Each structure stands twice: as structure tokens, then as C-alpha cells.
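Letters A, B, ... mirror the listed sequences (proteins, then strands); counts begin at 1. Please read these numbers as outputs of a predicted model, since none were measured by experiment.
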Amino acid sequence: MPELPEVETIVRGLGPAITGRLVTEVVVRESRLRERLAEDFAARLTGRRLVDLRRHGKFILIDLDDGRVWLVHLGMSGRFTLGDGSRSALPHDHVVVRLEDGRALTYNDTRRFGRLAVVPREAVGVETVAGVDALSDDLTAEALYAAARRHGRTTMKALLMDQREIAGLGNIYVNEVLFHAGVRPRRRASRLTRTESGRVIAAIRLVLAGAIARGGSSISDYRDGFERFGSYQFEHQVYDRAGEPCLRCGEPLRGCVVTGRSTFYCVHCQR
DNA sequence: CATAGCACCTGAGGGC
DNA sequence: TGCCCTCAGGTGCTAT
């Protein structure tokens with residue numbers, strides 16, 4: 001569910017509210033996430049101060065005052081929200097982190113595909129297995145072109161979704177980005193031109209900025225750090241619009257499956 | 001080695 | 001109404 005814009009929205013919202021706060025209690029109600037919560041997860045967080053809140057790709061990174069980092073990945077259905085501490089446990093509230101001011105961070109995840117871990121700062125890169133952040137200035141047209149040469153046999157859709165190369169894009173935003181760039185999802189990476197690479201980079205920045213400005217896309221599960229809905233779903237040009245008219249040329253949009261993920265594009269506007 | 005396919009888990013929605 | 005099937009924003013393991 002959450003891709004870069006959703007995670008960025010959560011981080012921007014929660015950052016000012018929780019940085020500097022002390023963790024007073026950690027309650028683990030369900031440790032069986034995709035990767036079982038470490039035995040000492042609660043112990044490593046309790047008594048720690050939350051020094052900084054940041055994001056890399058789809059990971060929320062919370063720096064602790066002991067040099068370690070609390071990693072939060074929301075998987076498909078994860079929610080990471082801050083409440084006043086009075087919330088009674090809802091279904092799928094797996095972890096509750098109480099802060100010194102009485103408020104509480106809740107990790108809720110219906111499908112349990114997410115991940116929570118506390119790791120040494122040096123291990124963050126390895127643990128997240130994440131490439132250059134999609135919003136980083138280091139993700140240039142040249143860098144994307146080079147990556148496309150390295151992965152020539154795969155499709156542009158699969159390349160953009162590969163977190164080891166570019167961190168942050170998921171199924172919704174790759175569909176949207178490729179539409180804006182005028183490139184078909186199944187295009188072989190080896191056939192991407194330098195000009196198109198530039199268009200893809202511009203599209204990534206345009207789409208992500210627009211989505212962040214709207215607080216992300218709330219299709220079904222996503223809420224921000226304060227349980228609020230995003231509204232970028234109303235701006236989607238192609239995602240989940242198979243058969244509906246292209247908003248640019250009016251031709252019916254195509255729906256298909258690429259690398260096992262539902263894919264939407266305009267035959268006329270994308271080549 | 002790089003890539004494609006499926007499994008993981010729960011709930012919502014459509015068809016009958 | 002209720003049952004059954006399909007599908008969902010992600011990713012890691014496995015087979016090719």
C-alpha cells in the first residue's frame with residue numbers, strides 16, 4: 001500500500017510531534033509479522049529517546065539516542081499512527097509504543113507484511129537493501145540510463161519497481177510515472193533512450209511531488225500518521241482506470257499484468 | 001547472475 | 001443472505 005509519498009507524508013507529520021520524546025513503554029501484542037519481531041525489540045526501544053525521524057525509499061527510519069535505528073516498513077496494509085494514548089486496542093494493533101507525554105505510537109497491520117526492527121546505524125543500508133531514493137538529486141537521467149543498460153533485459157516497469165536500484169516507487173506510482181513519461185510499462189530497459197530517461201526522471205519528480213502535496217493515495221488501507229486520508233487517488237491518470245478514457249487523448253486505457261502486478265497505460269500516449 | 005513467479009496474510013467486493 | 005473466487009499499495013524465496 002504505502003509507497004514513497006505515503007511514507008513521506010507520515011514522516012513529515014509525525015516528525016515534529018515525536019522527535020525528542022522518550023519511549024516509556026513498548027507493548028507487543030503480536031510479534032508474528034512477516035519477519036518475527038526480535039525477542040529484545042521492546043527492550044531496545046524502552047528508555048530510548050527518538051532523536052530524528054527520516055525516510056529512505058519506503059522505510060521510516062527513527063534514530064535512537066543510543067546510535068541504533070528503529071526501522072518501520074508498512075508492507076501492504078501497515079499503519080503507523082500517533083494517538084493521545086487513550087486508544088483501546090483495535091484488531092491488528094500489533095505494537096504500541098508509549099511516549100513520556102502520554103501519547104502513543106501504534107503499529108497496525110492487517111496483512112502483517114510489514115517489518116519492525118531496531119538495528120545498528122551502520123546496518124541500515126544492508127537491512128533496507130534500498131538503492132538511491134527516488135527523490136534524491138543523485139537519481140539523474142544519466143543514473144537511470146546507466147541502470148537501464150545494466151538491466152537491459154527487464155522491463156521499464158520492473159526496473160522502476162526494483163528497490164535495490166531506485167527506492168520508493170511502487171505499483172501505483174510506476175504506472176503514473178510511465179504514463180507521464182510516455183513510456184510503455186513493457187518497454188525493454190535496453191531500449192530506453194537518453195531522452196526518455198530524462199522524461200522518466202522528470203515524471204518521477206512531478207508525480208511524487210504532486211502525490212506528497214496531496215498527502216499520498218488512500219485506496220483502502222492507507223492513512224497518515226494521524227489517521228487522515230490522502231487525496232492523490234483523485235489525481236491518478238491511469239492507475240485502476242482500465243477501459244476508461246485517457247485523460248490526455250480520450251482513448252480507452254489498457255489494463256494488463258506485468259511482472260505479476262496490475263498495469264495500466266495508454267496505447268496511444270505511451271510508446 | 002539476472003529475472004520471473006509465487007507465497008506470505010487478511011479482508012473487501014463481485015458473481016451466482 | 002451467503003458462499004466462493006479474485007484481487008489488493010510489497011517483498012523475499014525459489015526455480016529457471
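Residue A:R150 contributes atom CZ, which lies 11 Å from atom P of B:dT3 at whole-angstrom precision. As a whole-Å value, the separation of A:R261 CZ from C:dA8 C1' is 8 Å. Atom CG of A:L90 and atom P of B:dT10 are 17 Å apart (whole Å). Rounded to an integer number of Å, the gap from A:I172 CD1 to C:dG10 C1' is 12 Å. In this structure, A:L74 atom CG and C:dA8 atom C1' are separated by 16 Å, rounded to whole Å. Rounded to whole angstrom, the span from the CD atom of A:E30 across to the C1' atom of B:dT10 amounts to 13 Å. As rounded to whole Å, 13 Å separates atom P of B:dA4 from atom CE of A:M156. Going from atom CD1 of A:I219 over to atom C1' of C:dG10 covers 15 Å, rounded to whole Å.
For the C1' atoms, the distance linking C:dG9 with B:dT3 amounts to 23 Å, nearest Å. Here the separation of B:dC9 from C:dT14, taken at their P atoms, is 15 Å to the nearest Å.
Looking only at side-chain heavy atoms (C-beta outward), A:L64 and A:V23 stay at 4.5 Å or farther from each other. Counting heavy atoms from C-beta outward, A:L178 and A:V238 have side chains that stay 4.5 Å or more apart. Residues A:V177 and A:V200 meet the side-chain proximity criterion, which asks for heavy atoms closer than 4.5 Å.
When heavy atoms are screened at a 4.0 angstrom cut-off, A:Y173 is found touching no nucleic acid atom at all. Within the 4.0 angstrom heavy-atom criterion, no nucleotide atom of any strand lies near A:R115. Note on A:R112: only backbone sugar-phosphate atoms sit closer than 4.0 angstrom, heavy atoms only; bases stay farther off. Within the 4.0 angstrom heavy-atom criterion, only backbone atoms of the sugar-phosphate kind lie near A:G170; the bases stay farther away.
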Checking A:Y232 against A:Y239 for the side-chain contact (heavy atoms from CB on, under 4.5 Å) test, could you report, in this order, the C-alpha distance in whole Å, the side-chain angles of both residues, the deciding distance, and whether it holds?
CA-CA 11 Å; A:Y232 193 69; A:Y239 183 77; over 6 Å; no
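When both pairing distances are held under 3.5 Å, C:dG9 makes no Watson-Crick or G-U pair with any nucleotide shown.
Nearest nucleotide to the side chain of A:Y239, out of B:dT3, C:dG10, C:dA8: C:dA8. Of the candidates B:dT3, C:dT11, B:dA4, the closest approach to any side-chain atom of A:A158 belongs to B:dA4. Comparing atom distances between the A:R188 side chain and each of C:dT11, B:dA4, B:dT3 picks out B:dA4 as nearest.
Proximity of A:R111 to the phosphate of C:dA8: no side-chain N or O atom is located under 4.0 Å from OP1 or OP2. Residue A:H73 has no polar side-chain atom (N or O) positioned under 4.0 Å from OP1 or OP2 of C:dG10. Contact annotation: A:H92 does not reach the phosphate of B:dT10 (side-chain N/O to OP1 or OP2, under 4.0 Å). Under 4.0 angstrom from either OP1 or OP2 of C:dG9 there lies no side-chain N or O belonging to A:K58. Phosphate proximity of C:dA8 to A:S262: present, with a side-chain N or O under 4.0 Å from OP1 or OP2. Distances shown here put every side-chain N or O of A:T110 at or beyond 4.0 Å from the OP1 or OP2 atom of B:dC9.
Applying the side-chain contact (heavy atoms from CB on, under 4.5 Å) test between A:I62 and each of A:L53, A:L14, A:V118 identifies A:L53 as the sole match.
Judged by ring centres under 5.5 Å apart and planes tilted less than 30 degrees, A:F113 stacks against the six-membered base ring of C:dG10.
In summary, the side chains of A:H56 and A:T128 do not present any donor paired with an acceptor at a separation below 3.5 Å, with no hydrogens or angles considered.
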